[in-house]
Amino acid sequence: MDKNLIQRTLSGIIYIAIIILCTTPFGAQLINNISPDLAKQQYLYYGLITLLLTVGTWECIKIMKFGNGYEKWIVFPIVAIIYYIFSKRYFQHGFYFDFRLPDILAIALVGIAAITLFKFASELYFDSGKLIFTVIYVALPFCFALGLPKYSSYEQTFSLEVIFLFILIWSSDTFAYIAGRLFGKHKMAPKISPKKTWEGYIGGVVLTLILSYFVEKYQPQLRGNWMVVGFLVALFAPLGDLVESQLKRTFGVKDSGNIIPGHGGVLDRLDSFLICAPVVYLYFIIEKFI
């Protein structure tokens, strides 16, 4: 058997296992079975997001090839300040999904960053542009991801919005790949991602919607309507992949990193999540007022 396939399979299994343990109550239960009252699920999830944010920020700095100016050295301090603000909201249960103008503007900035990458990439050749893009593209999505789950220390509960978001993203990628291999003829973005086809995209949307129907049916405790979430994921997950592919193409980089052997870096694995997390957060805001 191909050694690269073995490596890719093992690292993929470990990656999925870590995601499951940190986004569901199973992680704390497993640890506490070994040593009672050692772990709380909200801390495992917070640790996961903190790790992904830190590595993802470092990968983005490397991809964009900052110069020797001051901008490179203030990326992490700015990211840390923003993350601290959202961390306070996380631990103080401050995500009420009310219409807060700063949240709406921050989510809009993620979209503007993506548009800038595709339409005004020359702006990102300046270190100031690289600084702003890194903060918006990496930090804000992970910050909003902190607001997706609900937890109660008193009742020892931790909701499952994040793991099902991951499942829908994985299903969208998988179904789009399979449909593309079977029926793909029309390239979606041949210069950015040559393997993506419109047939694969449509297949990913349809099959992800089917899966989201069962999520909605059998997980009624989740926030929002998961048929809508599934549609948003199927719509925006491929965009997340294209954004990261365009980022690497713009700066002549093959992979964002090698922290996950055979799969690349954090940004390679979480490109869809970076777009879907703020989109789903925005939907939860809108859903509250419907």
Side-chain angles (χ1 to χ4, degrees), residues 45-92 94-95 100-147 192 239-260 263-279 281-282:
Y45 179 65
Y46 183 76
L48 172 69
I49 296 299
T50 303
L51 174 64
L52 296 176
L53 169 63
T54 303
V55 177
T57 300
W58 175 245
E59 288 179 355
C60 198
I61 291 173
K62 290 198 301 178
I63 289 174
M64 301 189 80
K65 301 172 183 177
F66 278 69
N68 293 320
Y70 72 91
E71 291 90 350
K72 178 179 180 179
W73 306 108
I74 66 172
V75 174
F76 271 106
I78 293 176
V79 168
I81 291 170
I82 296 173
Y83 192 58
Y84 171 73
I85 294 171
F86 278 83
S87 297
K88 286 180 64 178
R89 292 176 66 184
Y90 176 70
F91 287 111
Q92 295 174 4
F95 293 100
R100 300 177 73 250
L101 186 59
D103 284 353
I104 303 300
L105 291 177
I107 293 171
L109 285 175
V110 177
I112 292 172
I115 293 172
T116 301
L117 180 62
F118 285 106
K119 296 295 185 180
F120 311 102
S122 59
E123 297 293 331
L124 302 180
Y125 294 135
F126 302 98
D127 278 2
S128 57
K130 295 175 183 178
L131 167 64
I132 295 170
F133 182 87
T134 301
V135 172
I136 293 173
Y137 174 64
V138 181
L140 290 181
F142 283 122
C143 287
F144 282 115
L146 289 177
I192 302 174
L239 175 61
D241 180 64
L242 290 176
V243 169
E244 205 250 350
S245 295
Q246 177 68 5
L247 177 64
K248 292 188 293 186
R249 180 174 176 270
T250 300
F251 291 94
V253 175
K254 182 180 179 182
D255 293 317
S256 68
N258 55 11
I259 192 172
I260 309 174
H263 292 268
V266 164
L267 298 184
D268 292 320
R269 289 299 88 204
L270 293 169
D271 48 13
S272 297
F273 184 80
L274 291 176
I275 299 298
C276 288
V279 167
Y281 189 95
L282 177 61

Check: Phe66 versus Trp73: any side-chain heavy-atom pair under 4.5 Å?
Finding: no
Item checked: Side chain to side chain, Leu267 and Ile63, heavy atoms closer than 4.5 Å -> yes
Note to self: Restricting to non-hydrogen atoms, name the atom on Val138 and the atom on Leu274 that form the minimum distance, rounded to 0.1 Å.
What the structure shows: O-CD2, 4.3 Å
Notebook entry, point to check: With Thr50, which residues qualify under side-chain hydrogen bond (donor to acceptor under 3.5 Å, both in side chains), at least two apart?
Noted result: Tyr83
Next item on the list: Take Leu105 and Leu109 through the side-chain contact (heavy atoms from CB on, under 4.5 Å) test and state the conclusion after the steps.
Entry: CA-CA 6 Å; Leu105 291 177; Leu109 285 175; 5.6 Å; no
Check: Can you tell me how far CD of Glu71 sits from CD1 of Ile61, rounded to the nearest 0.5 angstrom?
Finding: 11.5 Å
Check: So, do Thr57 and Phe142 sit near enough that their side-chain heavy atoms are less than 4.5 Å apart?
Finding: no
Margin query: Check the orientation of Tyr90 and Tyr46. Use parallel for under 30°, tilted for 30 to 60°, and perpendicular for over 60°.
Written below: parallel
Note to self: Looking at Phe120, I want to see if its CZ is surrounded by more than 12 non-hydrogen atoms of other residues, nucleotides or ligands under 6.0 Å.
What the structure shows: no
Check: Which atom pair, heavy atoms only, marks the closest approach of Met64 to Phe133?
Finding: SD-CD2, 3.7 Å
Checklist line | Non-hydrogen atoms of Ala114 and Val243 that approach each other most closely | finding: CB-CG2, 4.0 Å
Next item on the list: Work out which heavy atom in Asp127 is nearest to a heavy atom in Gly67; give both atom names and the distance.
Entry: OD2-N, 3.0 Å
Check: CZ of Phe126: more than 12 outside heavy atoms within 6.0 angstrom?
Finding: no
Checklist line | Flag side-chain contact, heavy atom, 4.5 Å: Leu146 against Ser87 | finding: yes
Item checked: Arg249 side, atom CZ; Leu242 side, atom CG - distance, nearest 0.5 Å -> 11.5 Å
Next item on the list: Could you go through the side-chain contact (heavy atoms from CB on, under 4.5 Å) check for Tyr125 and Thr250 one step at a time?
Entry: CA-CA 10 Å; Tyr125 294 135; Thr250 300; 3.8 Å; yes
Next item on the list: Just do the side-chain contact (heavy atoms from CB on, under 4.5 Å) check on Leu124 and Phe251 with the steps written out, would you?
Entry: CA-CA 10 Å; Leu124 302 180; Phe251 291 94; 4.1 Å; yes
Margin query: With rounding to the nearest 0.5 angstrom, report the NZ to NZ distance, Lys72 to Lys62.
Written below: 10.5 Å
Next item on the list: State which residues pass salt bridge (charged side-chain N to carboxylate O under 4.0 Å, His left out) with Lys248; sequence neighbours excluded, sorted by chain then number.
Entry: Glu244, Asp268
Note to self: Within the 4.5 Å heavy-atom criterion, are Ile104 and Leu282 side-chain neighbours or not?
What the structure shows: yes
Checklist line | Stepwise ring-ring contact (aromatic ring centres under 6.0 Å, His included) test for Phe95 and Phe144 | finding: CA-CA 9 Å; Phe95 293 100; Phe144 282 115; 7.9 Å; no
Item checked: Within-4.5 Å side-chain heavy-atom neighbours: Ile82 and Val135 -> yes
Notebook entry, point to check: What are the two closest heavy atoms between Tyr137 and Pro141, and how far apart are they?
Noted result: O-CG, 3.2 Å
Item checked: Smallest separation among heavy atoms of Cys60 and Leu247, with atom names -> SG-CD2, 4.4 Å
Check: Do any N or O atoms from the side chain of Glu123 and from the backbone of Thr116 form a donor-acceptor pair under 3.5 angstrom?
Finding: no
Margin query: What's the separation between atom CD1 in Ile112 and atom CG in Leu117, rounded to the nearest 0.5 Å?
Written below: 14.0 Å
Notebook entry, point to check: When rounded to the nearest 0.5 angstrom, what distance separates CG in Leu239 from CG in Asp271?
Noted result: 10.0 Å
